[in-house]
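Step one of this worksheet: look at the structure below.
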Amino acid sequence: EAKNESLHDPHYFDYYLMDKLLERVQIEKKLPRALAEGEFELFYQPKINLETRTLTGLEALIRWNDPEQGRISPAAFIPIAEDSGFIVQLGEWVLREACRTNKMWQDAGHPKLPVSVNVSAIQFRHPQFVKTVESALQETGLDPKYLELEVTESLLNEPVMIKDKLDFLKSRGISLSIDDFGTGYSSIYYLKELPLQVLKIDRTFIQNTPTSTRDNSLLLSIIQLGKSLGLTVLAEGVETEEQFHFLRQHGCDQIQGFYFSRPLDSCSTAQLLAAHSD
Ligand code: C2E
Ligand code: MG
Ligand code: MG
Ligand code: MG
């Protein structure tokens, strides 16, 4: 058939790659305008304490409401924003928006919880990064103890660059998490030496638990590693009750995942907070 023949057409993959490239260029071009037009929105995913089943925090996750394409997932545009450098500006918006919204919830009388913001390595490396965090807090009036930053493991391999920044952020009372733990490469030595508070185990380590015994023991080792380093251990992507019980039994501290809640828009998050206070 025509479809199979196209695989033997030497130009087939060129067209495919060209399409991908054009799509990237399109997205890259659209990002600054999207920010100016207010097309970005933050959703919030609850973090739950396994022991008490109570809310311990909220993770801000960006969404793009494109007027033509509808909602575009961050997996599709964050890497492009990183390549083009636009992530610095976009990340600044995320920080301010998350701080502003959290302060607004607090002022409305909801229980005070930390909001965590994902920070790209490129953004973190930027010389103005700490200043940007400071001004987001100052302009919104959010107490720094209600802000957490999530950075990925790869950043840990640049200890000289990050040490001072992490120390300063910690001294301000801002908590730091390692996101997607287990998917990158990080030295356990740096994990011990750097001022970190939370280890977030990537959901690939949770998805086959508890049916796969090999995955179970891998997961247990990661939990133990985190605990022995004195970190709070959070499991990402918990989808089932069995996973919930397994993690609770084995000393994991917190979870996030569809089992408890998907990321919610700010309106639904406020409702969740309101329900949590009584
Ligand atoms: P992440 O920080 O590891 O966030 C967790 C992702 O897993 C989110 O996808 C969340 O919706 C999804 N998730 C949560 N629970 C479950 C579950 O039980 N099952 C499954 N299958 N998925 C679950 P999302 O929102 O699409 O974000 C993807 C990634 O994009 C994030 O991974 C983060 O790396 C990045 N990202 C999102 N928002 C931002 C942002 O504001 N700034 C930066 N730099 N990166 C962001
Ligand atoms: Mg995250
Ligand atoms: Mg993660
Ligand atoms: Mg992840």
Side-chain angles (χ1 to χ4, degrees), residues 27 31 34-35 39-48 57-65 70-102 114-126 129 132-133 136 147-155 175-184 186 196-209 222 226 232-244 246-247 252 254-266 268-269:
I27 289 183
L31 285 168
L35 184 59
E39 291 171 13
F40 293 104
E41 179 183 2
L42 294 185
F43 272 46
Y44 298 88
Q45 189 179 33
K47 297 184 180 183
I48 306 300
L58 297 160
E59 176 178 7
L61 293 159
I62 197 168
R63 299 289 179 262
W64 178 4
N65 303 307
R71 185 162 286 154
I72 306 175
S73 116
F77 67 84
I78 291 287
I80 298 173
E82 288 176 338
D83 286 350
S84 72
F86 186 67
I87 192 68
V88 174
Q89 248 174 291
L90 189 60
E92 189 171 344
W93 177 83
V94 173
L95 261 170
R96 188 164 287 111
E97 179 67 10
C99 292
R100 187 188 68 78
T101 308
N102 199 18
V115 67
S116 58
V117 171
N118 291 284
V119 177
S120 287
I122 291 167
Q123 202 187 341
F124 196 92
R125 285 187 201 113
H126 195 277
F129 176 67
T132 302
V133 175
L147 176 65
E148 296 182 352
L149 303 177
E150 297 191 4
V151 298
T152 51
E153 236 180 316
S154 59
L155 205 61
S175 165
L176 295 148
S177 310
I178 292 301
D179 205 353
D180 303 340
F181 185 79
T183 59
S186 65
L196 307 165
Q197 281 80 57
V198 184
L199 189 144
K200 299 187 72 175
I201 306 174
D202 192 73
R203 72 180 165 85
T204 51
F205 294 96
I206 285 88
Q207 66 193 8
N208 300 320
T209 289
I222 301 177
T232 296
V233 178
L234 179 149
E236 295 189 282
V238 176
E239 295 183 351
T240 69
E241 191 168 354
E242 289 75 23
Q243 291 169 346
F244 180 92
F246 182 89
L247 289 159
C252 185
Q254 299 177 13
I255 56 150
Q256 270 183 296
F258 298 168
Y259 171 65
F260 187 83
S261 173
R262 289 183 178 259
L264 306 167
D265 65 23
S266 68
S268 308
T269 308

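Just follow the structure's listing: the first ligand is 1, and inside any ligand the first atom is 1. If you read the sequence from its start, that first residue is 1, and numbering goes on from there.
- Between Glu236 and ligand 1, at least one N/O pair is under 3.5 Å apart.
- Minimum interatomic distance between Ser177 and Glu148 (heavy atoms only, all atoms of both residues): OG-OE1, 4.3 Å.
- Legend: residues meeting ring pair (Phe, Tyr, Trp, His ring centres under 6.0 Å) with Phe258, ordered by chain and number and at least two apart, are absent.
- Protein N/O/S atoms closer to the Mg ion (ligand 2) than 2.8 Å number 4 in this structure.
- Considering Glu59, Gln256, Lys47 as possible partners of Ser116, the one that fulfils the side-chain hydrogen bond (donor to acceptor under 3.5 Å, both in side chains) test is Lys47.
- Of the candidates Gln123, Gln256, Gln45, Gln45 brings a heavy atom nearest to atom 15 (N) of ligand 1.
- Shortest non-hydrogen contact noted between Asn65 and Glu41 is ND2-OE1, 2.8 Å.
- Residue contacts with ligand 1: Leu42 is placed with no nitrogen or oxygen under 3.5 Å of a nitrogen or oxygen of the ligand (distance criterion only).
- Residue Glu239 approaches ligand 1 through these ligand atoms, each under 4.0 Å from one of its heavy atoms: 17 (C), 18 (O), 19 (N), 20 (C), 21 (N).
- Side chains of Leu61 and Pro74 form no contact here, defined as non-hydrogen atoms less than 4.5 Å apart.
- Taken to the nearest 0.5 Å, the CG atom of Leu264 stands 8.5 Å off from the CG atom of Leu58.
- Going from atom CZ of Phe77 over to atom CD1 of Ile87 covers 8.0 Å, rounded to the nearest 0.5 Å.
- The closest heavy-atom contact to atom 17 (C) of ligand 1, among the options Trp93, Phe43, Phe77, Phe258, comes from Phe258.
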Exercise for review: In sequence, state the C-alpha distance, the side-chain angles, and the governing distance for Phe181 and Asp202, and then conclude on side-chain contact (heavy atoms from CB on, under 4.5 Å).
Suggested key: CA-CA 5 Å; Phe181 185 79; Asp202 192 73; 6.0 Å; no
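- Nearest heavy-atom pair, Leu42 versus Val94, reported as atom, atom and distance to 0.1 Å: CD1-O, 3.7 Å.
- Here the shortest heavy-atom pairing between Cys252 and Val233 reads SG-O, 3.5 Å.
- Contact between Arg203 and ligand 1 is present, with at least one heavy atom of the residue lying under 4.0 Å from the ligand.
- Within ligand 1, the atoms closer than 4.0 Å to a non-hydrogen atom of Asp180 are 3 (O), numbered from 1 in the order shown.
- Each of the following atoms of ligand 1 lies closer than 4.0 Å to a heavy atom of Asp179: 1 (P), 2 (O), 3 (O).
- One option in Ser120, Ala121, Pro79 has a heavy atom closer to atom 44 (N) of ligand 1 than any other, and that option is Ser120.
- For Pro263, the closest heavy-atom approach to ligand 1 falls below 4.0 Å.
- For a threshold of 3.5 Å applied to N or O pairs, the pair formed by Glu59 and ligand 1 contains at least one separation below that value.
- Of all the listed residues (Ile122, Thr240, Ile87, Val94), Val94 holds the heavy atom that lies closest to atom 41 (O) of ligand 1.
- Applying the side chain to side chain contact (heavy atoms under 4.5 Å, CB included) test between Glu236 and each of Asp179, Ile255, Thr204 identifies Asp179 as the sole match.
- Within the structure, ligand 1 lacks Arg262 among the residues with a heavy atom less than 4.0 angstrom away.
- Interface atoms of ligand 1 facing Pro74, defined by a heavy-atom separation under 4.0 Å, are 24 (P), 25 (O), 26 (O), 27 (O), 28 (C), 30 (O), 37 (C).
- Contact record, Glu153 with Gly182: OE1-N, 3.0 Å, taken as the closest heavy-atom pair.
- Residues Ile206 and Gly237 approach most closely at CG2-O, 4.0 Å, considering heavy atoms.
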